[in-house]
Amino acid sequence: MSAAQQTADDMAPPPRPPRGWPRARIVGYCLMGLWILAGLALVGYLAAAWNLVWFEKYIPTYFSGLKVTLMLVVISTVLGAILSLPIAYARMSGNKVLSAIGYGYVYFFRGTPLLAQTFLIYYGFGSFRPQLEAIGLWSFFREAWYCAILAFSLNTSAYQAEILRGAINSVPKGQWEGAASLGLHKLQTLRKVILPQAMIVALRPYSNEVILMVKGSAVVSLITVADLMGVTRLAFSRSYDFQAYIWAALIYFALVETLRNLVAWIERRITVHLER
């Protein structure tokens with residue numbers, strides 16, 4: 001085979017995908033049809049169960065609950081991001097003591113349920129009221145809102161620390177060496193060279209963590225915080241109308257989809273230089 005023929009073969013377009021109805025396409029269309037039917041059934045149920053009195057009475061409380069949920073997620077995520085920095089440093093440290101402390105912290109908060117951690121903080125510390133009053137911390141731990149923020153911040157900091165550690169380790173070591181050859185010390189290298197590249201890698205895992213925080217925030221309703229799920233349970237207990245949970249699910253779904261599309265837009269903007 002001549003070189004010209006070999007080049008022509010290499011430049012030939014890829015073969016077209018087989019047409020027809022393979023098994024994967026049939027299964028995909030069937031699943032899509034089931035989802036469409038489920039969506040139509042949901043719309044039909046909401047239309048049949050429409051109750052204007054119920055809607056006017058309870059939907060405003062849903063927005064107040066949504067506000068509490070958003071505040072909980074935003075505050076906990078920011079505090080968790082701050083806490084994750086020293087934890088990630090400890091995990092990557094060459095000091096065995098620091099590394100063991102960071103590993104133990106991450107292992108505990110990633111290995112136990114968020115609900116159990118919330119109960120341990122709210123009910124566990126509540127059993128030490130005399131001791132907490134003696135050191136002036138009872139005013140903090142007696143409030144379910146503060147306990148929820150503490151539990152969520154500690155939990156997400158463990159996940160964010162691992163995300164940050166993995167993203168930093170994904171940057172090639174040659175970046176550190178190149179920055180050192182330019183006279184940059186480690187802190188400058190980390191801030192100006194490593195972190196900008198690591199954040200591109202960490203963006204998707206960070207967005208997944210925020211979405212999990214949004215969905216996991218429903219557990220705070222069990223410690224009397226009036227978040228979105230808390231007001232939903234209250235609406236159902238007073239009306240016994242099942243659409244109370246359907247509306248809550250739709251609000252959670254809309255919130256998650258908004259976050260997902262926002263992160264996708266940010267990712268496209270910050271990776272435009274990588275597109276070919």
Side-chain angles (χ1 to χ4, degrees), residues 62 64-88 90-91 100-128 132 137-138 140-167 202-234 236-237 244-245 248-260 262-263:
Y62 277 55
S64 65
L66 177 61
K67 180 180 178 181
V68 173
T69 295
L70 292 175
M71 289 177 59
L72 173 66
V73 172
V74 170
I75 295 174
S76 300
T77 302
V78 172
L79 293 178
I82 296 172
L83 288 173
S84 69
L85 296 176
I87 298 169
R91 289 282 285 121
I101 293 174
Y103 176 81
Y105 181 94
V106 171
Y107 186 82
F108 174 79
F109 283 101
R110 294 182 69 193
T112 55
L114 177 58
L115 179 60
Q117 297 166 17
T118 305
F119 280 2
L120 283 173
I121 292 175
Y122 183 62
Y123 294 112
F125 281 99
S127 61
F128 296 98
L132 293 173
L137 291 178
W138 174 244
F140 179 90
F141 286 99
R142 73 180 179 184
E143 297 291 339
W145 169 250
Y146 295 141
C147 291
I149 289 179
L150 178 60
F152 274 65
S153 299
L154 295 177
N155 180 271
T156 190
S157 65
Y159 285 93
Q160 291 189 47
E162 284 298 283
I163 293 171
L164 182 60
R165 183 180 70 88
L203 181 60
R204 282 289 179 176
Y206 267 122
S207 67
N208 292 337
E209 173 61 17
V210 174
I211 289 174
L212 290 175
M213 288 278 289
V214 171
K215 295 187 288 186
S217 64
V219 305
V220 301
S221 63
L222 300 177
I223 59 171
T224 71
V225 176
D227 70 323
L228 179 57
M229 185 53 65
V231 299
T232 301
R233 294 175 61 196
L234 180 63
F236 180 77
S237 66
Y245 287 106
L250 291 176
I251 294 174
Y252 277 115
F253 181 79
L255 182 58
V256 168
E257 281 299 298
T258 301
L259 288 172
R260 186 182 65 82
L262 177 62
V263 171

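Quick caveat, the model's predicted, so the values are computed rather than measured.
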For this session: Could you grab the distance from atom CD1 of Ile149 to atom CG of Leu154, nearest 0.5 Å is fine?
Result: 11.5 Å
For this session: May I ask you to decide if Leu228's main-chain N or O and Thr69's side chain share a donor-acceptor pair within less than 3.5 Å?
Result: yes
Problem set entry | Side chain Thr156, main chain Ser153, donor-acceptor under 3.5 Å | no
Seminar exercise, completed: For Arg233 and Ser221 the tightest heavy-atom approach is NH1-O, 3.3 Å
Problem set entry | Flag side-chain contact, heavy atom, 4.5 Å: Tyr159 against Leu212 | no
Exercise. Would you call Met229 and Tyr245 a side-chain contact if the rule is heavy atoms closer than 4.5 Å?
Worked result: yes
For this session: Report the relative orientation of the aromatic rings in Phe109 and Tyr105; use parallel for angles under 30°, tilted for 30 to 60°, perpendicular for over 60°.
Result: tilted
Exercise. For the side chain of Tyr62 and the backbone of Ala244, is there at least one donor-acceptor N/O pair under 3.5 Å apart?
Worked result: yes
For this session: For the residue pair Asp227 and Leu66, establish whether any side-chain heavy-atom pair is separated by less than 4.5 Å.
Result: no
Problem set entry | Separation between CG of Leu259 and OG of Ser207, rounded to the nearest 0.5 Å | 8.5 Å
Problem set entry | From CD (Glu143) to OG1 (Thr224), nearest 0.5 Å | 9.0 Å
Problem set entry | Close side-chain approach of Thr118 to Tyr123, heavy-atom, < 4.5 Å | no
Seminar exercise, completed: Distance col, row Arg260:CZ vs Asn208:CG, nearest 0.5 angstrom, shows 11.0 Å
Exercise. Would you say the side chain of Ser76 lies within less than 4.5 Å of the side chain of Met213, judging by non-hydrogen atoms?
Worked result: yes
For this session: Decide yes or no for Asn155 and Phe108: does some side-chain heavy atom of the first lie under 4.5 Å from some side-chain heavy atom of the second?
Result: no
Exercise. Of the non-hydrogen atoms in Ser84 and Ala161, which two are nearest, and what is the gap between them?
Worked result: CB-N, 3.6 Å
For this session: Output the distance between atom CG (Leu150) and atom CZ (Phe141), rounded to the nearest 0.5 Å.
Result: 5.5 Å
Exercise. Of all heavy-atom pairs between Leu72 and Ser217, which one has the smallest distance, and what is that distance?
Worked result: CD2-CB, 4.0 Å
Exercise. Can you say whether the rings of Phe140 and Tyr146 are parallel (under 30°), tilted (30 to 60°) or perpendicular (over 60°)?
Worked result: parallel
For this session: State, to 0.1 Å, how close Val225 and Ala148 come at their nearest heavy-atom pair, and which atoms those are.
Result: CG2-CB, 4.4 Å
Problem set entry | CD on Gln160 to CD on Glu209, rounded to 0.5 Å | 6.0 Å
Exercise. What heavy-atom pair brings Thr232 and Ala248 nearest, and what distance separates the two atoms?
Worked result: OG1-CB, 3.3 Å
For this session: Go through the steps to decide whether Ile75 and Phe152 satisfy the test side-chain contact (heavy atoms from CB on, under 4.5 Å), and finish with yes or no.
Result: CA-CA 9 Å; Ile75 295 174; Phe152 274 65; over 6 Å; no
Problem set entry | Minimum-distance pair of heavy atoms, taken over all atoms of Ala158 and Arg110 | CB-CG, 4.1 Å
Exercise. Looking only at atom types and distance, does a side-chain atom of Ser127 sit under 3.5 Å from a main-chain N or O of Gly124, one as donor and one as acceptor?
Worked result: yes
Exercise. Side chains of Ile87 and Val106: closer than 4.5 Å at any heavy-atom pair?
Worked result: yes
For this session: Would you confirm whether Thr77, through its side chain, and Val73, through its main-chain N or O, come within 3.5 Å as a donor-acceptor pair?
Result: yes
Problem set entry | Student check: side-chain heavy atoms of Val263 and Tyr206 closer than 4.5 Å | no
Exercise. Do Gln117 side-chain atoms and Thr112 backbone N/O form a donor-acceptor pair below 3.5 Å?
Worked result: yes
